[in-house]
2 protein chains.
Amino acid sequence: MVRQRELPRSGTQRVLAILAAFTAERPVLALSEISRLAGLALTTTHRQLAELTRWGALERGDDGRYRIGLRLWEVGALAPRSLGLREAALPFLEDLYEATHQNVQVAVLDGREVVYVERITGRDAVHVVTRPGSRLPLHATAVGLVLLAHAPISEIDAVLAAPLKRYTEYTVTDPARLRRALADTRRNGYAISVRQIETVSTSVAAPIRDERDVVVAALSIVVPAKGAHARRHVPAVLAAARGVSRGIGSTPGNP
Amino acid sequence: MVRQRELPRSGTQRVLAILAAFTAERPVLALSEISRLAGLALTTTHRQLAELTRWGALERGDDGRYRIGLRLWEVGALAPRSLGLREAALPFLEDLYEATHQNVQVAVLDGREVVYVERITGRDAVHVVTRPGSRLPLHATAVGLVLLAHAPISEIDAVLAAPLKRYTEYTVTDPARLRRALADTRRNGYAISVRQIETVSTSVAAPIRDERDVVVAALSIVVPAKGAHARRHVPAVLAAARGVSRGIGSTPGNP
DNA sequence: TCCCGCCTTCCGTCCAGCGGAAGTGTAGGC
DNA sequence: GCCTACACTTCCGCTGGACGGAAGGCGGGA
């Protein structure tokens with residue numbers, strides 16, 4: 001199924017349809033696969049791939065298949081919500097990681113989802129499904145609760161009015177309970193998410209704010225649900241998030 | 001100066017010219033700036049920007065200026081030479097960082113340059129000019145020496161035949177000395193680069209190999225040139241690089 | 001208030017790009 | 001070794017998607 005609702009019409013749409021054909025599940029594609037996924041004729045695909053490869057957006061392997069090229073990654077890395085945020089966040093993520101040796105990550109809001117832009121994970125840390133570039137829904141993640149709690153009311157209403165997916169028996173999908181969780185998040189200044197995506201993990205998240213006090217991202221730690229008490233990580237998560245917030249005003253890309 | 005030698009002709013070239021207008025130095029651009037940098041008419045630029053923004057490749061801020069969007073970063077993050085390598089390398093980079101609290105990084109070969117795809121830096125670490133996405137020449141970096149040492153002879157000849165830039169009074173630009181350095185790198189299995197880019201730093205790099213024993217990246221540590229002996233980091237850098245090499249065969253994107 | 005620079009919209013014109021068909025190459029099965 | 005199927009590459013007649021200059025709107029600074 002093509003990810004785009006309609007077949008590409010303009011040249012620009014064709015280029016983007018090709019890039020969109022690549023996913024975390026399928027990072028390597030043959031020409032005919034790209035043609036099918038992008039909804040383009042073979043000839044068209046062939047021509048476009050040649051140009052994208054020449055520029056470096058794509059790379060063609062010895063096996064004849066295509067992969068996203070370094071040049072595209074370089075351009076993508078210029079995204080302030082990835083590069084700028086990451087540069088500001090990394091020292092604090094390092095500190096939090098060293099203190100706990102658990103997963104630490106940063107996510108931003110994009111539409112009705114969270115997108116993880118950074119993750120540090122240790123070998124012995126609890127398994128997490130997220131990786132940089134991953135998307136998860138707002139209601140079932142601690143970072144999502146933080147980001148939603150500070151979104152406009154209309155946005156909150158829209159998210160809670162839509163069908164909410166249940167991942168585990170613990171996943172909260174009742175809008176009333178979620179509104180209380182959002183109110184708690186605002187009052188406490190952090191969110192805790194217990195066994196919502198996977199039953200083995202719990203996470204604590206806190207908001208990262210820009211110089212205008214707008215919540216632009218959330219930082220979280222993910223720990224095993226059993227044993228360690230997530231609540232005891234709250235002070236460190238808050239401190240790390242505040243540290244990132246202080247650094248954010250000086251990163252390129254902000255007015 | 002437009003980065004492309006010729007003005008864009010095809011639709012695809014126009015899209016890529018727009019993306020190429022953004023750089024680490026200028027991650028935020030106004031419409032007319034993009035038009036000039038990409039060599040496109042205002043109308044054309046306006047139309048293209050609308051499509052790129054609609055898709056998420058670009059984001060337009062409240063100030064009316066454009067930034068690289070999260071969606072493009074997501075696609076770019078699928079590059080095996082960035083994502084796959086990074087996922088495999090991060091645990092070892094973390095270990096090396098924790099043991100030393102110095103800068104640790106991974107770079108790949110791209111044309112006649114190295115591109116840094118990952119970097120962990122601490123607050124107290126010596127200043128380094130590199131960031132993810134940065135490019136530096138091969139001859140003046142430890143990672144560059146490692147990558148060049150294992151490149152085809154024709155490639156070595158081509159690089160050493162071209163003018164080599166001097167960054168500090170210590171930068172080696174004599175082809176004969178560089179050939180000896182490359183031979184040493186092959187024999188030792190690592191490279192040491194002293195005050196080549198900045199006079200305050202020294203670095204040690206080791207090769208990261210894929211399952212066919214091909215050198216695909218290099219891992220390095222950057223330490224202050226004064227005091228700490230770079231040589232004593234060699235065992236740890238070699239161990240980290242070997243660890244990454246072992247992990248690489250299992251990452252997505254490799255045959 | 002005026003001017004300048006930037007951005008947005010309009011619209012007549014045209015060639016860049018489309019895609020079907022045919023050709024080529026390769027791998028796997030018999 | 002041969003055959004078949006599939007993927008990829010090249011060709012070329014045709015056309016509508018896209019071009020960009022001009023005009024208008026908007027906002028900020030003098």
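Naming: A, B, ... by sequence-line order, numbering from 1 per chain.
Salt bridge absent: Arg65(A) and Glu33(A) never bring a charged side-chain N and a carboxylate O closer than 4.0 Å.
A straight line from CG of Leu49(B) to P of dC7(C) spans 9 Å, rounded to a whole angstrom. Rounded to a whole Å, the CG atom of Leu37(B) is 13 Å from the P atom of dC6(C). Put simply, CZ on Arg60(B) is 13 Å from P on dC6(C), counting in whole angstrom units. Spacing between atom CD of Gln13(A) and atom P of dG16(D) amounts to 17 Å, rounded to whole angstrom units. Following rounding to the nearest Å, Glu33(A) (CD) and dA7(D) (C1') show an atom-to-atom distance of 11 Å. Across the protein-nucleic acid pair, Ile34(A) atom CD1 and dC6(D) atom P stand 20 Å apart, rounded to whole Å. Atom pair Arg36(A):CZ and dG19(C):C1' shows a separation of 17 Å (rounding to whole Å applied). Residue Leu31(B) contributes atom CG, which lies 11 Å from atom P of dT9(C) at whole-angstrom precision.
Screening residues 11-24 of chain B for salt bridge (charged side-chain N to carboxylate O under 4.0 Å, His left out) gives no qualifying pairs among residues at least two apart or on separate chains. Residue pairs meeting the side chain to side chain donor-acceptor pair (under 3.5 Å) criterion with at least one member in residues 156-166 of chain A, sequence neighbours excluded, are Asp157(A)-Arg179(A).
Comparing the start and finish of the helix from dT1(C)-dA30(D) to dC30(C)-dG1(D), five pairs each, the helix axis swings through 50°, to the nearest 10 degrees.
For Thr141(B), there are no side chain to side chain donor-acceptor pair (under 3.5 Å) partners at least two apart in sequence or on another chain. Shown here are the side-chain contact (heavy atoms from CB on, under 4.5 Å) partners of Glu59(B), two or more places apart in sequence or in another chain: Arg81(A), Leu70(B). In this structure, Ser134(A) has no side chain to side chain donor-acceptor pair (under 3.5 Å) partners at least two apart in sequence or on a different chain. Residues passing the side-chain contact (heavy atoms from CB on, under 4.5 Å) test with Leu238(A) are Tyr190(A), Ala206(A), Val234(A), Arg242(A), sequence neighbours excluded. Partners of Thr43(B) according to the side-chain contact (heavy atoms from CB on, under 4.5 Å) rule, which considers only residues two or more places apart in sequence or in another chain, are Arg47(B). Applying the side-chain contact (heavy atoms from CB on, under 4.5 Å) rule to Ala79(A) yields the partners Ser82(A), Ile68(B), Trp73(B); only residues at least two apart in sequence or on another chain are considered.
A sub-4.0 Å separation between OP1 or OP2 of dC8(D) and a side-chain N or O of His46(A) is absent.
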Letter per nucleotide, 5' to 3', of nucleotides 17-25 of chain D [B base touched, S only sugar-phosphate touched, - untouched; heavy atoms, 4.0 Å]:
-SBBBB---

For residues 145-152 of chain A, which side-chain donor-acceptor pairs fall under 3.5 Å, sequence neighbours excluded?
{"unit_1": "His150(A)", "atom_1": "ND1", "unit_2": "Val146(A)", "atom_2": "O", "d": "2.9"}

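Contact of the Tyr116(B) side chain with the Arg131(B) side chain is not registered, since no non-hydrogen atoms from C-beta on lie closer than 4.5 Å.
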Please list, for nucleotides 28-30 of chain D, all pairs of protein and nucleotide N/O atoms separated by less than 3.5 Å.
none

